[in-house]
Participant: 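Questions regarding the structure given below will be posed in turn.
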Amino acid sequence: MGTEPENTLRSFVAAQQAGLDVIELDLHLSKDGALVVMHDTDVDRTTDGTGPIAEKTLTELRALDAGRGERVPTFEEVLDAVRSPLQAEIKDIAAARALAEVMLRRDLVSRVEVSSFHDEAIAEIGRLVPGVRTALIGSRFGPDIVERAVEAGAGTVCLNIRRLTLEVVEAARKADLKIIGWVVNTQDHLRLVRALELDGATTDYPEIKRTGRFTA
């Protein structure tokens, strides 16, 4: 989030207060198997620490400063801090399995949509959590992104707005997929979202919201 330290409880509360429809977050597994919320695979860019998340215990991660005195939150801490619907991005099958356990235990199917760049992670969470809503993310993609999403069981594609074409939009519509554009941080990109009649957009700046559905 562009106005608060990213992937912190402070940023999620601010997004909820801004009235955004859905809050997007990124999940990784700590060394001891905790689902923690951070975008990168290492802690270097967003905290005062160094090294991969997967090589640190939850206790070690909690000791880091994630900006303005915020600490690295766990997924369940975010669930307790905000009431908004969430879109949780997972990076691999291991994270899918850990997330499935939390979703089933806390009955989160209606509240949490799961997204990933990885087809196999989407397929795994779909197998483990009946009825879960899933989204396949694409950065560099072609028309085959639609076929991949269908095969993985996704109901939505989240696509890089800079590379999105009318051909892909039309193919997704024919496959009954929802389409989310990311990252929409400028008025030009917002106009493109409207022109293509996308189902939503992901933004780092809540104030850009004017019409439609947005996530932060």
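In this text, all values refer to a predicted model and were calculated from it rather than measured experimentally.
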Participant: Donor-acceptor pair, H28 side chain versus M38 backbone, under 3.5 Å?
Facilitator: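 Such a contact is found between H28 side chain and M38 backbone.
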Participant: I'd like to know if the side chain of W182 and the backbone of C158 have a donor-acceptor N/O pair within less than 3.5 Å.
Facilitator: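 Indeed, once roles are kept as given, a pair shorter than 3.5 Å links the two residues.
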Participant: Does a side-chain N-to-carboxylate-O contact under 4.0 Å join E120 and R127?
Facilitator: no
Participant: Hey, is CZ on R105 packed in by over 12 heavy atoms from elsewhere, all under 6.0 Å?
Facilitator: yes
Participant: Please evaluate residues V72 and V43 with respect to the criterion side-chain contact (heavy atoms from CB on, under 4.5 Å), reporting the C-alpha separation (whole Å), side-chain torsions for both, the decisive distance (0.1 Å), and the verdict.
Facilitator: CA-CA 9 Å; V72 177; V43 303; 5.7 Å; no
Participant: Should I53 and V37 be counted in the same cluster of Ile, Leu, Val, Met, Phe, Trp and Tyr side chains packed under 4.5 Å apart?
Facilitator: no
Participant: Side chains of E113 and P85, heavy atoms from C-beta outward: is any pair under 4.5 Å?
Facilitator: no
Participant: Between E170 and R173, does at least one N-O distance fall below 4.0 Å, as a salt bridge requires?
Facilitator: no
Participant: Tell me whether R83 at atom CZ has more than 12 heavy atoms from other residues, nucleotides or ligands lying less than 6.0 Å away.
Facilitator: no
Participant: Hey, are E89 and K91 close enough for a salt bridge, meaning a charged N less than 4.0 Å from a carboxylate O?
Facilitator: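 K91 and E89: salt-bridged.
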Participant: Is there a side-chain contact between V13 and V82 in this structure, where contact means two heavy atoms from C-beta onward sitting under 4.5 Å apart?
Facilitator: yes
Participant: Got a salt bridge between E70 and R10, using NZ or NE/NH1/NH2 to carboxylate O under 4.0 Å?
Facilitator: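 No, this pair does not count.
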Participant: Donor-acceptor check, side chain of K56 to backbone of T50, threshold 3.5 angstrom: yes or no?
Facilitator: yes
Participant: Is any side-chain heavy atom of I179 closer than 4.5 Å to a side-chain heavy atom of L196?
Facilitator: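 I179 vs L196: side chains apart.
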Participant: Under 3.5 Å, is there a donor on one side chain and an acceptor on the other for T57 and D32?
Facilitator: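 No, D32 and T57 have no side-chain donor paired with an acceptor closer than 3.5 Å.
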Participant: Is the shortest side-chain heavy-atom distance between E124 and I90 below 4.5 Å?
Facilitator: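 Side-chain contact under 4.5 Å: no.
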Participant: Passes side-chain contact (heavy atoms from CB on, under 4.5 Å), I180 versus V157? Steps please.
Facilitator: CA-CA 6 Å; I180 304 295; V157 284; over 6 Å; no
Participant: Does a side-chain N-to-carboxylate-O contact under 4.0 Å join R97 and D92?
Facilitator: no
Participant: Which value, rounded to the nearest 0.5 Å, describes the distance between I137 atom CD1 and Q87 atom CD?
Facilitator: 6.0 Å
Participant: Does V36 belong to the same Ile/Leu/Val/Met/Phe/Trp/Tyr cluster as L9, with side-chain heavy atoms less than 4.5 Å apart forming each link?
Facilitator: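 V36 does not cluster with L9.
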Participant: So, do M103 and R111 sit near enough that their side-chain heavy atoms are less than 4.5 Å apart?
Facilitator: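 Result no, sub-4.5 Å side-chain heavy-atom pair not found.
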Participant: Are the side chain of T203 and the backbone of V184 linked by a donor-acceptor contact shorter than 3.5 Å?
Facilitator: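 It does hold such a pair.
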Participant: For I161, is there any backbone N or O sitting under 3.5 Å from a side-chain donor or acceptor partner on H189?
Facilitator: no
Participant: Heavy-atom distance under 4.5 Å between the side chains of T46 and E6, does that happen here?
Facilitator: yes
Participant: Do side-chain atoms of D44 reach the backbone of G51 as a donor and acceptor pair under 3.5 angstrom?
Facilitator: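 A pair under 3.5 Å: yes.
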Participant: Do R106 and D80 pass the side-chain contact (heavy atoms from CB on, under 4.5 Å) test, and can you show the C-alpha distance, the side-chain angles, and the key distance before you say yes or no?
Facilitator: CA-CA 11 Å; R106 298 189 56 155; D80 294 335; 2.7 Å; yes
Participant: Can a donor-acceptor pair be found between the side chains of S84 and Q16 at a distance below 3.5 Å?
Facilitator: yes
Participant: Do you see a donor-acceptor pair shorter than 3.5 Å between the side chains of T186 and D188?
Facilitator: no
Participant: Any donor and acceptor pair, going by atom type alone, linking the side chain of E77 with main-chain N or O of T74 inside 3.5 Å?
Facilitator: yes
